[in-house]
Structure formats: C-alpha cells, structure tokens
Protein chains: 2
Amino acid sequence: MSTPTPKQLQIQNRELKILEIAREHVVSEGYHGLNMDRIAEEIKSSKGTVYNHFGCKEEIIIALAVQTMEKRAVLFQDAAQFKGGSRQRILAVGHANSYFFQKFPDHFRFEQMLRIDSIWEKTSAKRRMLVKSCEMKCMAVVAGVVRDAIATEDLVLPEGTSPEDLVFGLWSISLGAQTIMASSESLTDLGVKNPALALRFHIQKILDSFHWTPLSTEFDYDSIEDRIDREVLNLS
Amino acid sequence: MSTPTPKQLQIQNRELKILEIAREHVVSEGYHGLNMDRIAEEIKSSKGTVYNHFGCKEEIIIALAVQTMEKRAVLFQDAAQFKGGSRQRILAVGHANSYFFQKFPDHFRFEQMLRIDSIWEKTSAKRRMLVKSCEMKCMAVVAGVVRDAIATEDLVLPEGTSPEDLVFGLWSISLGAQTIMASSESLTDLGVKNPALALRFHIQKILDSFHWTPLSTEFDYDSIEDRIDREVLNLS
DNA sequence: GAATTTTTTGACGAACTGTCAAAAATGGAA
DNA sequence: TTCCATTTTTGACAGTTCGTCAAAAAATTC
C-alpha cells in the first residue's frame with residue numbers, strides 16, 4: 001500500500017503515457033482517430049496491456065475529460081480567490097472560463113464527449129464518481145463566491161433560490177453559448193457577430209438582475225480584466 | 001421534374017421508411033443501435049440500396065436531426081403567434097421549448113448528435129445546408145418577436161446589441177440547461193433541486209434585466225401558461 | 001530456486017462499415 | 001412486342017476496429 005514497487009511505478013507511468021497519446025490522437029484526428037491498436041503500438045506494448053488499464057475505449061475518453069475537469073477546477077479555484085469584491089470574483093471565474101475555452105478548445109471537446117450518451121453508458125461506476133466529484137468541486141467553488149456575496153450583503157437571493165440555482169444559470173448560459181460557438185459554423189450568418197462578447201454581456205445582465213452589487217452600471221468591470229489576466233491566468 | 005413516376009414515389013417512401021426505422025433503433029438502443037445491415041433487412045432491401053439514399057451512417061443521423069429541427073421550427077412559429085404582448089409571446093416560445101424537451105427527450109438527443117464533431121465532419125454540404133436553414137428559420141422567428149417588441153416599445157435594446165444577440169443569450173441558456181439536465185445524473189446532489197424551474201426563472205431575469213415590459217414583477221406570467229398549453233401545444 | 005501470483009502477449013472471433021461488378025428492373029423507341 | 005440504354009438493386013467482399021482469452025513471460029514470495 002505505502003511502498004510503490006518499481007513495477008507499480010512503471011504501470012502508473014504507462015497509464016499517463018496512454019492518456020497522453022490518446023489525447024494527441026483525438027486532438028489531431030478527432031474521436032475516430034482514437035484507436036486501441038495504435039495506442040498499443042505507440043506505448044510499445046500489446047493491446048491487452050492497454051485493456052488492463054482501461055476496460056474500453058470510452059473509459060479513456062472519460063479519463064481525458066476528467067483531466068480536463070481537474071484542470072478547470074484548479075483554474076476556477078484560483079479565479080475565485082481574485083482580490084476584489086464578490087462580483088469581481090465571480091466575473092473572474094467567468095473570464096477564466098472564457099479563456100479556457102478559447103485557449104484550449106480541445107479541452108472543451110473532451111468535456112462535451114462526456115455528455116454523449118453512447119460514451120457515458122459504457123463507463124464504469126468508479127470513473128463516473130470521478131466526474132461527479134469534479135463537478136461538485138467546481139460547483140462548490142463558484143457557489144462559495146455566491147455565499148460570500150450573500151454574507152457581505154452584496155447580494156440577496158430571492159426566496160426559494162439557492163446559491164446553486166444561480167450557479168446553474170451561469171453554468172448553463174456559458175455551456176450553451178460555448179456549445180453553439182464550437183458547433184454552429186454560421187453564427188455570423190445568423191446575425192450574432194460577436195458571440196463571446198454577447199455571452200459576457202448576458203452574464204452581466206443576469207448578475208444585474210439579481211442585483212448583485214456593484215451593478216454593471218455602477219462599476220466598470222471591463223477595467224479589471226487586465227488584472228485577472230495577470231493575477232489569475234498569468235498572462236503577460 | 002413535374003411527374004413523379006411510381007418508381008420515384010417508391011424511392012421517396014423508402015427514404016422516409018429508412019429514417020423511421022433508424023429513429024426507432026437510436027431511440028431504443030442509442031447511437032450504437034443504429035446499424036446499416038439491420039436497416040437494410042427491415043426495409044427488405046439490400047445494404048447497397050440504403051447507401052443509395054444516405055452516403056454514410058452519419059448522414060442518417062443528420063437527417064433525423066433535421067426532422068427534429070423542422071418539428072421544433074413549426075412549434076416555435078405557432079408559439080410566436082400566441083395572442084398577447086411581445087413578452088408573453090417570447091415566453092410562449094420558451095415554454096414550447098421546455099415542453100418539447102420534456103415531452104420528446106429523444107428529439108433533443110438527435111439535435112445533440114448534430115454537434116458532435118465526428119458526426120458533423122462526415123456529412124455532405126447539401127445536408128449541412130438543411131441544418132443551417134432550419135437554424136435560420138428558428139432564429140428569424142424568435143428574433144422577429146424581439147423586433148416586434150422593439151416596434152411596440154416594450155423593449156429598447158442597448159446600443160450595439162442586436163435582436164439576434166438577445167436570442168443568442170436565450171438560446172444559450174436553454175441549450176445549456178437542457179444539456180446539463182440530460183446528462184448530469186447528480187444535479188440534485190449538486191444542490192440544484194428543480195433545474196427546469198431555475199431555467200424559467202433565469203429567463204425571466206434576463207428579460208427583466210433588458211427591461212422588456214411588462215416586467216415579471218408587474219405581470220404574473222405563470223398565469224398564462226395554461227393558455228399556452230391549450231392554444232399552442234394543444235394540451236387538455 | 002521453486003512455487004505462486006501478476007502481468008503481458010497477440011492471434012482470434014465478432015461486429016460493422018462502405019464498395020463495386022454483376023444482375024435485375026425500368027422506360028422509352030422502333 | 002422486342003430491343004436497348006439507363007437506372008437501380010444486390011450481396012459478396014475487403015477493410016477496420018473492438019474486445020477476449022489461453023498461454024507465455026515476468027515478478028514476487030517463501
């Protein structure tokens with residue numbers, strides 16, 4: 001239990017190697033580029049060995065999605081600790097989310113695959129637990145900011161609405177907008193010239209409508225973006 | 001062109017039959033239940049004939065999604081003509097959307113498959129056009145309601161925001177929320193007790209925040225739901 | 001160093017997709 | 001009716017890929 005033999009280490013490393021290779025395949029050639037024989041070849045083992053690690057192809061996809069979700073969770077945690085008022089902090093999370101989407105579009109694709117029935121159905125209970133715990137971690141972080149806002153009286157939620165309900169709304173609009181952006185080729189033709197900007201605008205509108213102070217009319221939230229870039233996302 | 005020979009009729013009918021059978025397969029057994037050999041068998045033709053209609057498996061999926069989108073477009077058109085103020089009409093569309101999701105969850109799944117890269121990639125330009133024109137029809141209907149609202153001065157959009165931008169927001173939050181509802185098993189554990197209600201609430205919040213009158217505080221929009229059920233959805 | 005357990009291997013069966021040359025059906029024209 | 005060109009259908013076939021499993025190899029224990 002406590003002593004990892006060399007053999008066990010080798011196996012652990014191999015698991016990471018498999019995921020690394022699988023990720024490359026999916027990124028460069030899409031879901032169909034993921035091929036068990038080829039993975040086996042590239043890690044210089046046999047197919048049976050790959051199947052020792054992952055019971056089926058779909059388990060690999062889920063494992064990759066979990067990696068992505070963990071990465072996102074860390075980013076959200078950092079963003080939630082942005083130095084500023086509660087509304088600045090929630091917007092930092094939103095900004096981090098947009099950044100994540102634009103900078104790593106492939107990660108978004110893995111999270112999407114997670115939601116495909118035919119993939120989800122085939123995965124083990126154990127791996128589903130991992131997904132669930134990632135979701136809960138993200139939810140806890142963001143709902144935590146909402147709770148802080150309530151505690152500091154920046155926000156009063158209406159009767160019957162929980163912090164999680166509000167997060168659900170923000171989550172929904174972000175996920176939906178990004179899904180459309182990633183898959184609808186013709187957004188411009190549809191009359192939506194700058195969907196990313198529209199998303200940001202809508203999020204502000206939602207927060208305003210919950211009367212989360214300071215309102216977007218009272219504070220220029222665009223002005224803190226540079227600081228978010230530097231302090232949370234480590235950009236130049 | 002103008003005279004459909006018996007043979008051509010037979011072919012047209014067969015195409016519908018193929019889609020019907022394919023739909024049953026996907027509904028009852030998921031994406032993996034879709035099988036070209038089985039379809040051929042059930043329409044009492046050979047596989048080659050099926051391939052005469054659809055160049056690949058994915059084309060069938062897209063065709064099914066288009067059927068769904070057309071159904072939705074008709075529903076939206078009806079809803080947009082609801083007798084009432086502009087905000088009532090946009091909410092009728094939202095209500096129709098929720099109804100569609102809850103009543104025909106399978107239809108939602110087809111629309112989701114549309115957004116999967118590995119499926120989309122394989123489809124012909126011709127069929128993509130069909131998807132696009134459905135999207136445009138839906139967008140035009142809903143944006144039309146927004147334009148009516150502007151014309152009647154129920155709504156004033158901020159500088160730089162188009163009616164389509166507003167529709168994009170509503171579309172995003174609806175799609176996102178439904179995606180999460182359809183795929184996240186543990187929403188309750190996450191603290192979201194009634195996601196469908198939360199979605200409705202958020203939509204009202206967005207409309208309020210655009211100051212689309214009458215505001216939800218000035219008019220009891222719950223009270224028109226029975227009428228929407230009867231006049232748009234033909235429910236008892 | 002022998003015995004036991006764990007891990008690896010790759011040939012194999014099964015399922016499915018998409019192709020294509022040959023066969024059959026169709027629709028005029030003579 | 002008969003012939004012929006065109007369209008449509010057929011199903012055997014090649015090609016992929018997944019996942020299995022008995023046997024071999026490696027690691028571990030005694």
Side-chain angles (χ1 to χ4, degrees), chain A residues 1-18 21-22 24-26 28-64 113 116 118-124 127, chain B residues 1-18 21-22 24-26 28-64 113 116 118-124 127:
Chain A
M1 201 73 204
S2 51
T3 46
T5 69
K7 183 69 188 173
Q8 285 173 319
L9 268 178
Q10 186 206 345
I11 292 177
Q12 274 176 36
N13 282 335
R14 192 170 43 210
E15 185 142 331
L16 292 176
K17 190 86 192 266
I18 290 173
I21 288 170
E24 283 169 19
H25 289 179
V26 177
S28 63
E29 294 163 66
Y31 179 66
H32 280 106
L34 185 58
N35 178 272
M36 301 304 259
D37 287 277
R38 244 174 83 199
I39 290 174
E41 200 182 319
E42 292 186 35
I43 62 164
K44 294 185 187 68
S45 296
S46 71
K47 191 153 52 155
T49 299
V50 180
Y51 276 97
N52 272 355
H53 289 274
F54 301 96
C56 63
K57 212 181 151 178
E58 286 77 9
E59 288 269 291
I60 296 183
I61 293 288
I62 304 290
L64 289 170
M113 291 187 210
I116 299 171
S118 55
I119 291 181
W120 185 252
E121 277 166 5
K122 289 199 166 189
T123 57
S124 62
R127 220 167 284 274
Chain B
M1 200 72 199
S2 52
T3 45
T5 69
K7 183 68 188 175
Q8 286 173 319
L9 268 178
Q10 187 206 344
I11 292 177
Q12 274 175 37
N13 283 335
R14 193 172 41 211
E15 185 141 328
L16 292 176
K17 190 85 192 268
I18 290 173
I21 288 170
E24 284 169 19
H25 288 180
V26 177
S28 63
E29 294 163 66
Y31 179 65
H32 280 106
L34 185 59
N35 178 273
M36 301 303 258
D37 288 279
R38 245 174 81 199
I39 290 174
E41 200 182 321
E42 291 186 37
I43 61 165
K44 295 186 187 68
S45 295
S46 72
K47 196 157 42 157
T49 299
V50 179
Y51 276 97
N52 272 354
H53 289 274
F54 301 96
C56 64
K57 213 183 150 178
E58 286 77 9
E59 287 268 292
I60 296 184
I61 293 289
I62 304 290
L64 289 170
M113 291 188 211
I116 299 172
S118 55
I119 291 181
W120 184 252
E121 278 166 6
K122 289 198 166 192
T123 57
S124 62
R127 220 167 285 275

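Chain identifiers are assigned alphabetically (A, B, ...) following the order of the sequence lines, protein sequences preceding nucleic acid strands; residue numbering begins at 1 within each chain. Source: prediction; values computed, not measured. These values consider heavy atoms only, across backbone and side chains, with no hydrogens, waters or symmetry-generated copies.
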Return the nearest nucleotide to the side chain of B:S46; candidates are C:dT8, C:dT17, D:dT9.
-> D:dT9
Round to a whole Å and report the spacing from CZ of B:R38 to C1' of C:dG18.
-> 19 Å
Would you mind classifying the nucleic acid contact of A:I39 as base, sugar-phosphate or nothing, using non-hydrogen atoms under 4.0 angstrom?
-> nothing
Which listed nucleotide (C:dG18, D:dT10, C:dT8) is nearest to the side chain of B:S45?
-> D:dT10
Mind running side-chain contact (heavy atoms from CB on, under 4.5 Å) on A:I116 and A:I61 for me, showing each step along the way?
-> CA-CA 11 Å; A:I116 299 171; A:I61 293 288; over 6 Å; no
Could you give the CG-to-P distance, from A:L9 to D:dT28, as a whole number of Å?
-> 11 Å
Nearest-angstrom distance from the residue atom CD of B:Q10 to P of D:dT8 | 11 Å
Over how many whole Å does the gap from A:E58 atom CD to D:dC18 atom P extend?
-> 9 Å
Heavy-atom closest pair, residues B:C56 and B:Y51 | CA-CE2, 4.1 Å
In whole Å, what is the span from the CG atom of B:N52 to the C1' atom of D:dT7?
-> 10 Å
Just to confirm, is there a sub-4.0 Å distance from OP1 or OP2 of D:dT9 to any side-chain nitrogen or oxygen of B:R14?
-> yes
Can you find a donor-acceptor pair, distance only, under 3.5 Å between B:K47 side chain and C:dG18 base?
-> yes
Which heavy atom of A:H53 sits nearest a heavy atom of A:I18, and at what distance?
-> CD2-CD1, 3.7 Å
So which nucleotide from D:dT10, D:dT20, D:dT17 ends up closest to the side chain of A:D37?
-> D:dT17
Ranking D:dT10, C:dT8, C:dC16 by distance to the side chain of B:N35, first place goes to C:dC16
Name the closest nucleotide to the A:T49 side chain, picking from C:dT8, D:dT8, D:dC18.
-> C:dT8
Nearest-neighbour nucleotide for the A:M36 side chain, D:dT8, D:dC18, C:dT7 considered = D:dC18
How close or far is atom P of D:dT17 from atom NE2 of B:H32, stated in whole angstroms?
-> 14 Å
From the candidates C:dG10, C:dC16, D:dG19, the one with an atom nearest any side-chain atom of A:C56 is D:dG19
Taking every heavy atom of B:E59 against every heavy atom of B:K122, the minimum-distance pair comes out as OE2-O, 4.4 Å
D:dG19 C1' sits how many Å from A:K122 NZ, rounded?
-> 9 Å
From the list D:dT10, C:dT8, C:dG18, which nucleotide is the closest neighbour of the side chain of B:K57?
-> C:dG18
Nearest to the side chain of B:Y51, which nucleotide is it out of C:dG18, D:dT9, D:dT20?
-> C:dG18
To the nearest angstrom, the CD-P distance between B:E15 and D:dT8 comes to 13 Å
Atom pair CE/NZ of A:M36 and A:K47 - distance to nearest 0.5 Å = 8.5 Å
